[in-house]
Amino acid sequence: MHRRPELIPTTFESFDSRMPSALGDRYLVKLFTGCRWTEGPAYFPAGRYLIFSDIPNDRILRYDELTGHTSVFQSPIGHHNGHSADRQGRLLSCEHGNRRVSRIEADGSTTVLADSYQGKRLNSPNDLVEKTDGSIWFTDPAYGIDSDYEGYAADSEIGACHVYRVVPGEQPVIVADDFDRPNGLAFSLDETKLYISDTGRNHMRVFDVDGDKLTGGEVFAECTNGCFDGFRLDGKGRIWTSAGDGVHVYHADGTLLGKLPVPEVVSNLTFGGPRRHDLFITATTSLYQFRMNVTGAPYPR
Ligand code: MG
């Protein structure tokens with residue numbers, strides 16, 4: 001049964017001539033609601049569905065864009081947070097509850113990619129992205145062990161919140177150790193830059209990528225409303241990021257180009273649809289869609 005979604009009027013606010021003001025729809029489509037805190041959208045073009053997390057309710061959901069129906073994909077699952085689709089179409093997951101990074105294989109089994117660093121358990125992996133060399137880069141703040149709301153309260157064994165790189169089958173290595181709460185992350189289209197948000201410091205930083213190492217790390221942007229959580233790049237290298245009042249769009253030079261107001265605090269987003277021009281937004285209790293004349297970076301992202 002196709003469920004008629006709620007339409008919420010909104011208009012993209014452009015602050016810079018490099019960003020068109022008319023980006024597409026003049027409304028958000030509220031695809032699903034009734035969650036406690038949504039995050040982790042990952043779009044699977046081969047199946048035309050989107051996976052996302054409802055962390056406090058310990059479930060991941062699956063939105064089918066052909067039927068418009070959203071259903072529970074797995075619950076309980078281990079308080080998943082961030083997700084990504086890898087280059088073989090597998091689901092990569094950050095698990096608060098099990099304090100690990102994992103992958104669901106083609107046969108449905110789960111492979112643990114990282115759960116400790118030098119014998120100490122990770123805090124609660126938050127978000128991850130795959131590089132074209134097959135390595136997986138992830139952040140490990142403490143939100144999932146701070147309390148029993150988004151995971152299970154516990155002391156940090158590592159005692160700090162770092163950014164890691166892991167090659168499947170090997171041990172993770174630290175690539176950045178000067179964050180308060182590292183959170184969202186995304187590579188530039190040519191993978192020479194890595195953007196990482198720090199929700200503890202309310203800003204986003206940009207690093208130069210040299211193979212498996214990072215250098216630089218200056219502040220790229222300060223969030224003007226709320227904080228940057230997850231984000232993705234469009235096909236022109238612009239950064240579309242979550243914020244307290246909606247989605248903020250930045251040029252690669254750090255200029256805030258515009259905003260898309262959303263009626264709930266935004267946590268994460270990703271581009272989807274067969275033409276990559278649907279912006280899927282996880283915002284507090286709901287999943288929204290905004291169709292545009294802007295396309296996301298090529299899959300997978
Ligand atoms: Mg996050």
Side-chain angles (χ1 to χ4, degrees), residues 12 18-20 23-25 39-52 62-66 82-94 101 103-104 106 113 127-139 165 167-168 184-197 204 206-212 214 220 228-242 247-253 257-258 260 266 268-282 287-301:
F12 188 82
R18 291 174 291 181
M19 198 77 197
L23 278 176
D25 286 344
E39 288 220 41
Y43 181 77
F44 292 80
R48 297 192 60 181
Y49 61 86
L50 180 97
I51 294 292
F52 63 103
R62 178 184 183 276
Y63 166 70
D64 184 326
E65 68 180 351
L66 299 177
H83 289 121
S84 195
D86 78 1
R87 281 165 175 72
Q88 294 184 45
R90 298 171 295 192
L91 177 65
L92 301 174
S93 305
C94 286
V101 172
R103 180 175 69 202
I104 296 181
L113 301 177
D127 211 346
L128 78 175
V129 64
E130 187 197 39
K131 196 163 177 271
T132 50
D133 65 4
S135 60
I136 292 156
W137 301 56
F138 66 95
T139 56
R165 172 184 184 272
V167 174
L185 70 176
F187 286 103
S188 61
L189 302 185
D190 61 5
E191 296 188 337
T192 62
K193 307 277 187 192
L194 178 64
Y195 301 92
I196 310 174
S197 65
M204 185 187 299
V206 59
F207 291 84
D208 293 314
V209 181
D210 181 13
D212 58 1
L214 299 179
F220 171 74
F228 300 132
D229 192 331
F231 50 91
R232 288 288 187 269
L233 273 65
D234 69 19
K236 294 188 181 302
R238 294 174 294 219
I239 298 98
W240 294 64
T241 177
S242 56
V247 175
H248 294 189
V249 183
Y250 283 87
H251 190 275
D253 69 6
L257 298 174
L260 177 70
V266 175
N268 284 190
L269 53 83
T270 197
F271 292 89
R275 298 168 65 183
R276 306 195 310 272
H277 65 172
D278 286 323
L279 188 65
F280 289 104
I281 302 163
T282 52
L287 173 69
Y288 296 90
Q289 176 195 41
F290 184 66
R291 177 160 294 178
M292 309 186 290
N293 56 20
V294 170
T295 52
Y299 298 128
R301 288 287 170 188

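Positions are given from 1, in the same order as the sequence printed here. Any value given below was found using the heavy atoms of this structure, including those in side chains, with hydrogens, waters and symmetry copies removed.
- For N268 (side chain) and G40 (main-chain N/O), a donor-acceptor pair under 3.5 Å exists by modelled atom type.
- Taking 4.5 Å as the limit, some side-chain heavy atom of F220 sits within range of a side-chain heavy atom of Y250.
- Within the 3.5 Å criterion, the main-chain N or O of F280 finds no donor-acceptor partner in the side chain of T270.
- The side-chain heavy atoms of L50 and E65, taken from C-beta on, include no pair separated by under 4.5 Å.
- Taking NZ of K131 as the reference point, atom CD1 of I136 lies at 12.5 Å (rounded to 0.5 Å).
- Note: D253 CG to R18 CZ = 4.5 Å, rounded to the nearest 0.5 Å.
- With rounding to the nearest 0.5 Å, the separation of CD1 in I104 from CD1 in I51 is 7.5 Å.
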Residues L214, V209; criterion side chain to side chain contact (heavy atoms under 4.5 Å, CB included); working and verdict: CA-CA 5 Å; L214 299 179; V209 181; 3.9 Å; yes
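- Rounding to the nearest 0.5 angstrom, the gap separating the CG atom in L279 from the CZ atom in F271 is 5.5 Å.
- Going from atom CG of N293 over to atom CG of L23 covers 5.5 Å, rounded to the nearest 0.5 Å.
- With a 4.5 Å cut-off on side-chain heavy atoms, K193 and L233 do not count as touching.
- Panel note: side chain S197, backbone D229; a donor-acceptor pair is recorded below 3.5 Å.
- Remark: R275 CZ is loosely packed, at most 12 non-hydrogen atoms of other residues, nucleotides or ligands lying under 6.0 Å away.
- A 4.5 Å side-chain heavy-atom check between F187 and T132 finds every atom pair outside the cut-off.
- Of the possible donor and acceptor atoms, one in the side chain of E130 sits under 3.5 Å from a partner among the backbone N and O of R87.
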Going through the distances and angles, do F228 and Y195 end up as a ring-ring contact (aromatic ring centres under 6.0 Å, His included)? CA-CA 11 Å; F228 300 132; Y195 301 92; over 10 Å; no
Check the pair L260, M292 against side chain to side chain contact (heavy atoms under 4.5 Å, CB included), reporting the backbone distance first and the verdict last. CA-CA 11 Å; L260 177 70; M292 309 186 290; over 6 Å; no
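- The CE atom of M19 sits 4.0 Å away from atom CZ of F12, with the distance rounded to the nearest 0.5 Å.
- In terms of modelled atom types and a separation under 3.5 Å, the side chain of H248 and the main chain of T241 share no donor-acceptor contact.
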